[in-house]
4 protein chains.
Amino acid sequence: MRFVSDNAAAAHPRVIESIVESNRLDTAYDGDEWSKRLDAAFSDLFETEVRAFWVTTGTAANCLALAALCPPYRGIFCHREAHIETDEAGAPGFFTGGAKLILLDGPGAKIDANLVTAGCERIWKDVHQVQPAAISITNATEYGRAYRAAEVAELGRLAKERGFGLHMDGARLANALATTGESPADATWRAGVHSLSFGFIKNGGLNAEALILFRTELADEIAVRRKRAGHLLSKGRMLAAQILAMLEDDLWLENARVANSAAQKLASAAPQRLVYPVEANEVFFRVTAEESATLRAQGFDFYDWRAGEIRLVTSWDQQGEALERLAAAIAAL
Amino acid sequence: MRFVSDNAAAAHPRVIESIVESNRLDTAYDGDEWSKRLDAAFSDLFETEVRAFWVTTGTAANCLALAALCPPYRGIFCHREAHIETDEAGAPGFFTGGAKLILLDGPGAKIDANLVTAGCERIWKDVHQVQPAAISITNATEYGRAYRAAEVAELGRLAKERGFGLHMDGARLANALATTGESPADATWRAGVHSLSFGFIKNGGLNAEALILFRTELADEIAVRRKRAGHLLSKGRMLAAQILAMLEDDLWLENARVANSAAQKLASAAPQRLVYPVEANEVFFRVTAEESATLRAQGFDFYDWRAGEIRLVTSWDQQGEALERLAAAIAAL
Amino acid sequence: MRFVSDNAAAAHPRVIESIVESNRLDTAYDGDEWSKRLDAAFSDLFETEVRAFWVTTGTAANCLALAALCPPYRGIFCHREAHIETDEAGAPGFFTGGAKLILLDGPGAKIDANLVTAGCERIWKDVHQVQPAAISITNATEYGRAYRAAEVAELGRLAKERGFGLHMDGARLANALATTGESPADATWRAGVHSLSFGFIKNGGLNAEALILFRTELADEIAVRRKRAGHLLSKGRMLAAQILAMLEDDLWLENARVANSAAQKLASAAPQRLVYPVEANEVFFRVTAEESATLRAQGFDFYDWRAGEIRLVTSWDQQGEALERLAAAIAAL
Amino acid sequence: MRFVSDNAAAAHPRVIESIVESNRLDTAYDGDEWSKRLDAAFSDLFETEVRAFWVTTGTAANCLALAALCPPYRGIFCHREAHIETDEAGAPGFFTGGAKLILLDGPGAKIDANLVTAGCERIWKDVHQVQPAAISITNATEYGRAYRAAEVAELGRLAKERGFGLHMDGARLANALATTGESPADATWRAGVHSLSFGFIKNGGLNAEALILFRTELADEIAVRRKRAGHLLSKGRMLAAQILAMLEDDLWLENARVANSAAQKLASAAPQRLVYPVEANEVFFRVTAEESATLRAQGFDFYDWRAGEIRLVTSWDQQGEALERLAAAIAAL
């Protein structure tokens, strides 16, 4: 029973149906009728004009966005445990042409305006040290913490003051919003976010993520960069169709709620063991090596995280018996 | 009626079925059971041990391969009209870190050992000029010409002599082999090819191409480069499943035969107008601007190529009435 | 007797003196008194406010400038025989992060607005083909041809219309201006040039070239890129001092006149053999292989260029007997 | 009176003389007689066959070496305060094509084999995390600490075991060896170092550093990379001549001894204030902001380092009165 990651789950049936429906002759690349509907669909969702691009991975979404926000000779503030730093094989360096990730520490992989300001102050203002040009945050974070719109807005104000770009890696944005109840608009562009990697794959999609540009003037550059990175698929309609299925009737939000609810069930099995508050679909427990082994022996699969901690991730399709059994097993430790 | 490109066609039903079948929980990335079967499936097909990687575009397959064969400070011989030069938005420069495409001319976008040798001789052997490290050929070419194994083998010998890598862009390899009747092994590694972009998307796939390494020692590097370029999809099983469906019962070859046969039907409608012999699924006709307009007025869609030429591309699913009507319309010009 | 290249000559005594004079404790990098005088010195020379940066090679000057004018995913028009294409080991690809040189043909390595316009028209306006963002010309060209200000101005107008950057590789700008008699201002920014590699090393300098920015808003970026490329020398005053010596009393122009005059002497020895008009310090003669050998047997050293052509380059210090003897030897062929 | 950095000092008279002597016509680039002597001169010094390249900055030497030791998709262990991390404007990212600096902590900017081993253990062995390929150490360190050969050898053994490249940034290697009394060979290749940036500029040179390859098979690649980065100067003889002057009669060692001795004089003025043992020509004192201001008021110039610390750097030419006065001023605080 797999609680290793939400990215291992199956795709939602409506996503598959949508792929099947879009499987007919149309214009290649993103000239088809599904792809053409993306801008409008996301502009509705975000209550402002945006430009939306399908891509097949969060890494591509993040790094295309960062390349447009940060020139090769500058740096990007992010958390030391941000996905772009720890899990993308150096992709930011590749896409940006060698820009530097400037690492910040903060509990639960969250960063705030004070941390960024302090980071700026540590850098000498000369040509010898890499000067920052952007900030990237992950929402929900790698530890399942959700940013409130007000927190993002503080970063947004700082970014504006200093002329930085502000990117949000929203691989699990759906889970964050399902928790905070805030609107997509409030959580992003109204708070100063310039570009967003809007994740669907961990949340029921098959292989389509959306890169959303609130700074729409970057769209032409992103279009070229996407092609140049080999990410302009010829039958893009099957990606757009997935995303449209996720947006329809707020399936993205519904799926996130299910996954979050599963996480809450696990959390409530042993609240005293929680490393972080559970605000998305990731649960970090303090367990001994023996306890970890005990769970594994019962057929549960998950990551050992830092020493004495395990990570459990729930998915949109995890509601039933396996979840109950895991909750019981944790409670019984 | 669309004859613009084979990459606009629908995916084959068996490909879709295979996606649906693989849509269940499994290990993420390429740790799933479908992805794990790729090496063996292609090793069988090629009658030697190979390493196979799914990617979602030909551009990614080509450029990952080139990056592994050519360091940033060297060059790659290719035809002036090669896809990597004309249609990938500079992706080779991006993936290789700035390596140079050294352009050769040759009829029908084919290059041969003499052209490459002459190209080498034009380059001064010093640090001022970019020295070549690789050769890339497209089979079938951008003009629908098929390389015979013996032609490739001449390039292979030259590559070996000079220590060059030899890459084949096989976006339409299926069409070439359907014409030549040569085996995949003879057409590639036995002729000295080191890496192959094996195309499926233009041939009935949805969004999965295969990058085949005959130099298997490059596999670890390619695995990292694929991830670093944002091309390691988390639900890779739905890509592997597509490819496996294409390989089963030689669906790839069957589809290519249908497309090639459609091209032959068009070619035979006006053989005197042909710019190149038709050896794959692309037909180039000499037509006047008026004739081109006449065809369009009848509802046919295609590319105007160079002045006085049009390009028609047939697909695995084009057999019926539209094809007959286009053939008739061409004959009637 | 060496007529291979002007870059092999000694440095002018006043350049050496200036180095010796500046050899005392001062602020490192470009914070010293000599470096600080460069902006003003060149602003005087060019009759407008410019920003000037010392670098140690023409390749660095050219490629830093191009990187600031062209993003990685675009292209730069230049002549097929431009130094940046043929003699810089792919440095433009390295500095720009993979931008493409889009090659044009034109007699004597000159390009004009018509060639660039035709080049633009050959490129399809989509994301598949690399779109141009800049033009680079060499003045004097690699064949010793000088651009007139009016010719540059046509390119400048085109660049402005299309939003392109316009760079001039002026490794031998001094020689061109010595011939045309035009002012530095007319030949560059008044004609629409945005950045200039102003060469001194081939003209009596030791190891200092100047990168001149007429678009002064690029200065901060160039400063960082120079450092990041390892081109911010710590004792920069000895570079600035060289350049200041070259500017003083127009030594740069005087030296160029001597070299040009030497080239004219050679040219007049066999005007019927000239491949191009001699407008700088390079002379291309048509000679047979036997004639070439005859000259070498007399101790003259030079490049065999294309079949049946030799290249002779004169320097600021070549006035005396060797020159007379070479002229006589050529006349006697 | 300037104690900001040794890189602001004048060049040694014998270096200037050597430049003047080499200022005559010779083959361009590194084909001249001085450049050709470098390999032999350094092979003598290091008691083994090496390949030596002049470059004009330590940044260029470091980053060319790192690019040859580490592919774009891997990482380089170095200290968090290493020059390549803090003072080269991201040049390692530029030269390597995006490789990652993996930062380690250790007192006095030294790293050891245990730190590197622990660093390796923190990295998951998969394609998601950047795997290390090289180690870079600075000797003497950014805090003036000298590595003993035995310490380097431990890193060398580890590098060998794990297949890592081992680079030494020897911007102040002369100062380190003047302190340890160890031979150049023992301190470098016998301890497993593969490439060395051998600094001369901070030690009396004008603008020539040497990049030494103990892995001589990398020489061809370095030669091309140097050109491609714009670092192949046309009058290279004036760089080679500087280095040869520094090697003659061990001027490099003599100069370092003078600078070290000056540092010792300062250190002995207030040993109780020393932050680190003084093993080169850098002295870090603990002082209050008031004390720092007192020194400045007396005309001394230096860096305020971390809070409550100042950095004083001595040069090859600092022996006389200014030094005495500074020592007295420090003693009097």
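The chains referred to below are lettered A, B, ... by the order of the sequence lines, with proteins before strands, and numbering in each begins at 1. Model, not experiment: these values are computed from the prediction.
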Which residue out of [options] racks up the most heavy-atom pairs below 4.5 Å with chain A?
| options | result |
| --- | --- |
| B/M238, B/H231, B/R2, B/K202 | B/H231 |
| B/G236, B/G31, B/A229 | B/A229 |
| B/L239, B/V224, B/D301, B/I201 | B/I201 |

Is there a side-chain contact between B/N207 and A/K235 in this structure, where contact means two heavy atoms from C-beta onward sitting under 4.5 Å apart?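 Contact flag for B/N207/A/K235 side chains = no.
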Output the residues of residues 51-67 of chain B for which the shortest heavy-atom distance to chain A is under 4.5 Å, in residue-number order; output 'none' if no such residue exists.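 Listed by number, the contacting residues are B/T56, B/T57, B/T59, B/A60.
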What heavy-atom pair brings [X] and [Y] nearest, and what distance separates the two atoms?
| X | Y | result |
| --- | --- | --- |
| B/A91 | A/R228 | CB-O, 3.0 Å |
| B/K227 | A/E88 | CE-CA, 3.8 Å |
| B/N23 | A/A11 | OD1-N, 2.5 Å |

With a 4.5 angstrom heavy-atom cut-off, which part of B/L233 approaches chain A: side chain, backbone, both or neither?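 Both parts, backbone and side chain.
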Side chain of B/R24, backbone of A/A10: donor and acceptor closer than 3.5 Å?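 No, because the side chain of B/R24 does not come within donor-acceptor range (under 3.5 Å) of the backbone of A/A10.
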What orientation do A/F95 and B/F94 show, parallel under 30°, tilted 30 to 60°, or perpendicular over 60°?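 Perpendicular, since the angle between the ring planes exceeds 60°.
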Interface moiety of [X] toward chain B, non-hydrogen atoms closer than 4.5 Å:
| X | value |
| --- | --- |
| A/D26 | backbone |
| A/R225 | neither |
| A/T27 | both |

Taking it one step at a time, do B/L206 and A/I19 satisfy side chain to side chain contact (heavy atoms under 4.5 Å, CB included)? CA-CA 10 Å; B/L206 199 163; A/I19 291 173; 3.9 Å; yes
Of the listed residues (A/G93, A/S5, A/A28), which shares the most heavy-atom pairs with chain B below a 4.5 Å separation?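 Answer, by heavy-atom pair count under 4.5 Å with chain B: A/A28.
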